[in-house]
Amino acid sequence: MDLGLTGETALVTASTSGLGKASATTLASEGANVVLCGRDEERLDAALEDVREEATADVEGVTADITDPDDVEALVEATVEFFGGIDHLVLSAGGPPSGPFLDIGEDDWYEAYDLLVMSAVRTVQAAHPYLSESDKGTITAITSTSVETPIGGLVLSNAVRRGVIGLIETLAVELAPDVRANAVLPGPFETPRIQELVEQAVERGEYPDYETGIEDWGVGIPMERVGDPQELGDVVAFLASERASYVNGVSLPIDGGRLRQN
């Protein structure tokens, strides 16, 4: 299926690894010009090299902290300087600290809100003039299945990410028909974060090897495995494409069926 993304421009935040990088990779492989961003210049350079290997169009990178309003403005301006506009915005962000409610301090709450919600608000505000000028403008937020079913030990993610869903559902009404807005809700994917957790568990002796540990993460999922990040990236690219031109205001679980089973 031709997604019709050739020559269009996508900005993907927090895209030096994990699901943001996977989304950027699929968009680039489908012919979109893509801008990656991240705080660490070395990680950004490594991600650019990887994405460019799969790309059929141009890929650029900008060092930016998405919790810094000035960096967000500069990121959007750089994207427009590179490619003349923005057609698609993919909102990705790292996860806030884990821990139960009683262990989380007030500053942690404000930092999580800034990371997850205000970064999205500021990026949409900055990019909206260009998205609205495009005849194919889209916003896709990468959140978590925790917005529907809380995950133990992740109170910040459980609570604060729901603000992103409220934002997306509002944008889907207020910005239509010029801009579509959707969210994807990832379950467990074999990202660097999960790889790190499994490797730590192996070191503690909880698993004999990495393969056993990653298989254990798939227990209870109808598909009997965790996801490949590229499977998430493919869905993000589809939602940005003209093939999803009537999809608006959706929060789509991508979790191998675990959420619906629960």
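All values below were derived from every heavy atom in this structure, side-chain atoms included, with hydrogens, water molecules and symmetry-related copies excluded. We number each residue from 1, following the sequence as shown.
Put simply, the residue from Asn182, Thr145, Ile165 that forms a side chain to side chain contact (heavy atoms under 4.5 Å, CB included) with Ser251 is Ile165.
The environment of Glu206 atom CD is dense: over 12 non-hydrogen atoms of other residues, nucleotides or ligands sit within 6.0 angstrom. Other residues, nucleotides and ligands contribute only 12 or fewer heavy atoms inside 6.0 Å of the CD atom of Glu49. At most 12 non-hydrogen atoms from other residues, nucleotides or ligands lie less than 6.0 angstrom from CD of Glu224.
Note: Ser132 OG to Ile86 CD1 = 10.5 Å, rounded to the nearest 0.5 Å. Atom OG1 of residue Thr56 and atom CG of residue Leu27 lie 10.5 Å apart, to the nearest 0.5 angstrom. Put simply, CG on Leu44 and CZ on Arg39 are 12.5 Å apart, with the number rounded to the nearest 0.5 Å. Of the inter-residue distances, the one linking Cys37 atom SG with Asp71 atom CG reads 9.0 Å to the nearest 0.5 angstrom. Note that the CD1 atom of Ile254 and the CG atom of Leu259 stand 12.0 Å from one another [nearest 0.5 Å]. Interatomic distance, Asp45 CG to Asp40 CG, rounded to the nearest 0.5 Å: 9.0 Å.
Within the 3.5 Å criterion, the main-chain N or O of Ser92 finds a donor-acceptor partner in the side chain of Thr13. A donor-acceptor pair under 3.5 Å is absent between the side-chain atoms of Arg180 and the main chain of Thr138, judged by distance alone. Side chain of Asn248 to main chain of Ala172: a donor-acceptor pair is present (N/O by atom type, distance under 3.5 Å, no hydrogens or angles). The backbone N or O of Asp58 sits less than 3.5 Å from a side-chain atom of Asn33, completing a donor-acceptor pair. A donor-acceptor pair under 3.5 Å links the side-chain atoms of Gln230 to the main chain of Ala22, judged by distance alone. In this structure, Asp234 contributes its side chain and Glu231 its backbone to no donor-acceptor pair below 3.5 Å. Side chain of Arg43 to main chain of Ser17: no donor-acceptor pair is present (N/O by atom type, distance under 3.5 Å, no hydrogens or angles).
Val35 and Ile142 are members of different hydrophobic clusters when ILVMFWY side chains are connected at heavy-atom separations under 4.5 Å. Connection of Leu91 to Leu252 is not established within any shared hydrophobic cluster, with ILVMFWY side chains joined at heavy-atom distances below 4.5 Å, either directly or through further cluster members. No single ILVMFWY cluster, assembled from side-chain heavy atoms under 4.5 Å apart, contains both Val62 and Val34. Val117 and Trp109 fall within the same hydrophobic cluster, where Ile, Leu, Val, Met, Phe, Trp and Tyr residues are linked whenever their side-chain heavy atoms come under 4.5 Å apart, directly or through other members. Using a 4.5 Å cut-off between side-chain heavy atoms of Ile, Leu, Val, Met, Phe, Trp and Tyr, with links allowed through other members, Leu185 and Leu171 fall into different hydrophobic clusters.
With contacts defined as side-chain heavy-atom distances shorter than 4.5 Å, the pair Ile139/Ile168 qualifies. Residues Pro188 and Arg258 have side chains in contact (heavy-atom distance under 4.5 Å, counting atoms from C-beta outward). In this structure, the side chains of Phe83 and Glu60 come closer than 4.5 Å at one or more pairs of heavy atoms. At a threshold of 4.5 Å between non-hydrogen side-chain atoms, the residues His88 and Thr140 do not count as touching. In this structure, the side chains of Val184 and Val236 come closer than 4.5 Å at one or more pairs of heavy atoms. Counting heavy atoms from C-beta outward, Ile214 and Tyr207 have side chains that stay 4.5 Å or more apart.
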Only distances under 3.5 Å count here; give the side-chain donor-acceptor pairs of residues 75-82 to other protein atoms, sequence neighbours excluded, each with its distance to 0.1 Å.
| from | atom 1 | to | atom 2 | distance (Å) |
| --- | --- | --- | --- | --- |
| Thr79 | OG1 | Leu75 | O | 2.9 |

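Pairing each heavy atom of Gly166 with each of Thr170, the nearest pair is O-OG1, 2.8 Å. Contact between Tyr210 and Val202 at its shortest, heavy atoms only, is N-CG2, 3.8 Å. For the pair Pro186 and Leu232, the tightest heavy-atom approach, listed with the atom from each and the gap, is CG-CD2, 4.1 Å. When all heavy atoms of Pro96 and Arg161 are compared, the closest pair comes out as CD-NH2, 4.1 Å. The shortest heavy-atom contact between Gly38 and Thr16 is CA-CG2, 3.8 Å. The nearest pair of heavy atoms linking Thr26 to Ala237 is CG2-CB, 3.4 Å.
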Go through it in stages, so that I can follow the logic: the residues are Leu36 and Val12, the test is side-chain contact (heavy atoms from CB on, under 4.5 Å), and I'd like the CA-CA distance, side-chain angles, deciding distance and then a yes or no.
CA-CA 6 Å; Leu36 283 68; Val12 186; 5.8 Å; no
Q: Let me see the working for Ser146 and Ser157 under side chain to side chain donor-acceptor pair (under 3.5 Å), right down to the final yes or no.
A: CA-CA 7 Å; Ser146 67; Ser157 181; 3.2 Å; yes
Self-check item: Derivation and outcome, side-chain contact (heavy atoms from CB on, under 4.5 Å), residues Thr67 and Met118
Solution: CA-CA 7 Å; Thr67 66; Met118 289 311 300; over 6 Å; no
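One finds a salt bridge joining Arg122 and Asp114 here, because a Lys/Arg side-chain nitrogen approaches an Asp/Glu carboxylate oxygen to under 4.0 Å.
Considering only residues two or more places apart in sequence or on other chains, Asp209 meets the side-chain contact (heavy atoms from CB on, under 4.5 Å) condition with Glu211, Thr212. With sequence neighbours left out, Ser241 forms a side-chain contact (heavy atoms from CB on, under 4.5 Å) with Leu3, Leu5, Phe238, Arg243.
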